[in-house]
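To start, the structure under review is shown below, and the notes come after it.
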Amino acid sequence: MTTTVAVIGGGYGGTTVAKELDSFADVVLVEPREDFVHHVAALRGLVDPEWTDRLFYPYSALLERGRVLRDRAVSVDQGGVTLASGERLAPDYVVLATGSAYPFPAKIDFHDSASAKAKIRATREELAGAEKVLLLGAGPVGLELAGEIKAVWPEKAVTIVDPAKEILPGFPEDFRAEIRRQLDDLGVELLLGTSLTEAPVSEPGQAKTFTSGLTGGGEVTADLWFQCYGGAPHTAYLDGELAAARQPNGQIEVTPELRLPGQARVFALGDITALPEGKLAKVAGDHAEVVVANIRALIDGGELRAHTPAAPMISLPLGPSGGATYTEETGILDAATTSEIKGSHMMVSRYEEMFGEA
């Protein structure tokens, strides 16, 4: 009998696992979205209308043998998977790849692509008319969004506010200094060590002028704002013995083989894992390689692989031609190299090929 594998979640890691296992296992990919969403390029898709459609790829061409089930896991236990539709799956292996939630526009919170595109276009229209934009959060999302806005509308005033006293903790000072220098050249105002004294009167992405005080003194006025912090892993579905692996912050404890502790046939990868490494598409891809290798080893009787958490790394575009990249191997790479690596193309060709759009 053919081995059966249920992959729960069709993001970066889940699609890679499903595609790689498709040739030698019966794969079911469970995903509530109509299309794969290339969230790496979501901020580009917000500011540039030519990119909006390039964020979405139909799952129909992903698998040759397996199937993609447009559904959602409401309970996953040691015996199998219960779906929102009521269907129960009892596969030989389960791969948890449900990713994390994050405020729009960094992640798209619609399951049908038409609604998602409409939300992007409506928000772009609001953003286009705003003179002063406020970004709450100076993490990678806030910084990248500032660069994207300035690349299209250099005349807009963009302010980033964050209670942290420094951007990008955990990365070398030279790298952080380079990002700060480029932000300054773009005219982005960076207010660190402070926060708003009152919440904005409008919803994120809604044009409505407001003024708020700052805890560090002074005030800020904006016509529109976005929340650029607050990711949360999707793991509430864990049930039975599997729930013990879920930590208070929602992340899942995994073994070096990326299995849940005490569970020989349940794997987890990507954003939902409690591993000490960045929540990046590349990391999810690295996890997927290990999961695929280990499921193959369990089927064929081979040796299991252990995952070694990646050292801190980041490729942070500030628009198509700006930004900087850092890895331990290469050190700091400049804006031109960052554009070649990511900023100019946002890695879209890989997903066009994966989903048969190339």
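By convention here, the first residue in the shown sequence is residue 1. Only heavy atoms go into these numbers, but all of them, side chains included; no hydrogens, no water, no symmetry mates.
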Quiz item: Can you tell me how far the CG atom of Leu145 sits from the CG atom of Leu43, to the nearest 0.5 Å?
Solution: 5.0 Å
With the side chain counted from C-beta on, respond yes when [X] and [Y] share a heavy-atom pair under 4.5 Å apart, and no when they do not.
X      : Y      : result
Ser202 : Trp225 : yes
Leu143 : Ile179 : yes
Leu83  : Leu69  : yes
Leu62  : Phe36  : no
Val76  : Leu242 : yes
Val28  : Val5   : no
Trp51  : Val348 : yes
Thr15  : Tyr59  : yes

Self-check item: same_hphob_cluster(Ile299, Val290) at 4.5 Å side-chain heavy-atom cutoff
Solution: yes
So, [X] and [Y], do they make that salt bridge, N to O below 4.0 Å?
X      : Y      : result
Arg65  : Asp26  : yes
Arg44  : Glu148 : yes
Arg54  : Glu352 : yes
Asp271 : Lys107 : yes

Quiz item: Who passes ring pair (Phe, Tyr, Trp, His ring centres under 6.0 Å) against Phe171, sequence neighbours left out?
Solution: Phe175
Self-check item: ring pair (Phe, Tyr, Trp, His ring centres under 6.0 Å) against Phe267, all qualifying residues, sequence neighbours excluded
Solution: none
Summary of side-chain hydrogen bond (donor to acceptor under 3.5 Å, both in side chains) pairs that have at least one residue in [range], sequence neighbours excluded:
range            : value
residues 130-141 : none
residues 156-173 : Thr159-Glu189, Glu166-Arg176, Glu166-Arg180, Glu173-Arg176, Glu173-Arg180
residues 82-98   : Thr4-Asp92, Asp71-Ser85, Asp77-Arg88, Thr82-Arg88, Thr98-Tyr237

How about [X]: does its [atom1] atom have over 12 heavy atoms from other parts shown lying under 6.0 Å from it?
X      : atom1 : value
Glu64  : CD    : no
Lys279 : NZ    : yes
Glu203 : CD    : no

Quiz prompt | Between Glu277 and His307, a side-chain donor and acceptor under 3.5 Å | solution = yes
Exercise. Give a yes-or-no answer on whether the side chains of Tyr102 and His39 include a donor-acceptor pair shorter than 3.5 Å.
Key: no
Quiz prompt | Verdict with supporting geometry, Leu260 and Leu96, side chain to side chain contact (heavy atoms under 4.5 Å, CB included) | solution = CA-CA 10 Å; Leu260 273 63; Leu96 307 177; 4.2 Å; yes
Exercise. Check the pair Thr197 / Ser212 against side chain to side chain contact (heavy atoms under 4.5 Å, CB included), numbers first and verdict last.
Key: CA-CA 6 Å; Thr197 57; Ser212 175; 3.9 Å; yes
Please list every donor-acceptor pair under 3.5 Å in which a side-chain atom of residues 309-318 meets a protein atom from a residue at least two apart or in another chain.
{"unit_1": "Ser315", "atom_1": "OG", "unit_2": "Thr325", "atom_2": "OG1", "d": "3.0"}

Exercise. I would like to know whether Leu135 and Val161 meet side chain to side chain contact (heavy atoms under 4.5 Å, CB included); could you show each step before the answer?
Key: CA-CA 6 Å; Leu135 307 179; Val161 171; over 6 Å; no
Practice problem: Hey, can you tell me if Tyr351 and His38 have their rings parallel, tilted or perpendicular (30° and 60° cut-offs)? | Solution: tilted
Exercise. With Lys119 as the cation and Phe104 as the aromatic partner, state whether NZ or CZ is under 6.0 Å from the six-membered ring centre and within 45° of the axis.
Key: yes
Practice problem: Check whether any side-chain N or O of Glu20 sits under 3.5 Å from a backbone N or O of Val292 as a donor-acceptor pair, and report yes or no. | Solution: no
Exercise. Please test Phe56 against Val37 for side chain to side chain contact (heavy atoms under 4.5 Å, CB included), starting from the C-alpha separation and ending with a verdict.
Key: CA-CA 5 Å; Phe56 302 91; Val37 183; 3.9 Å; yes
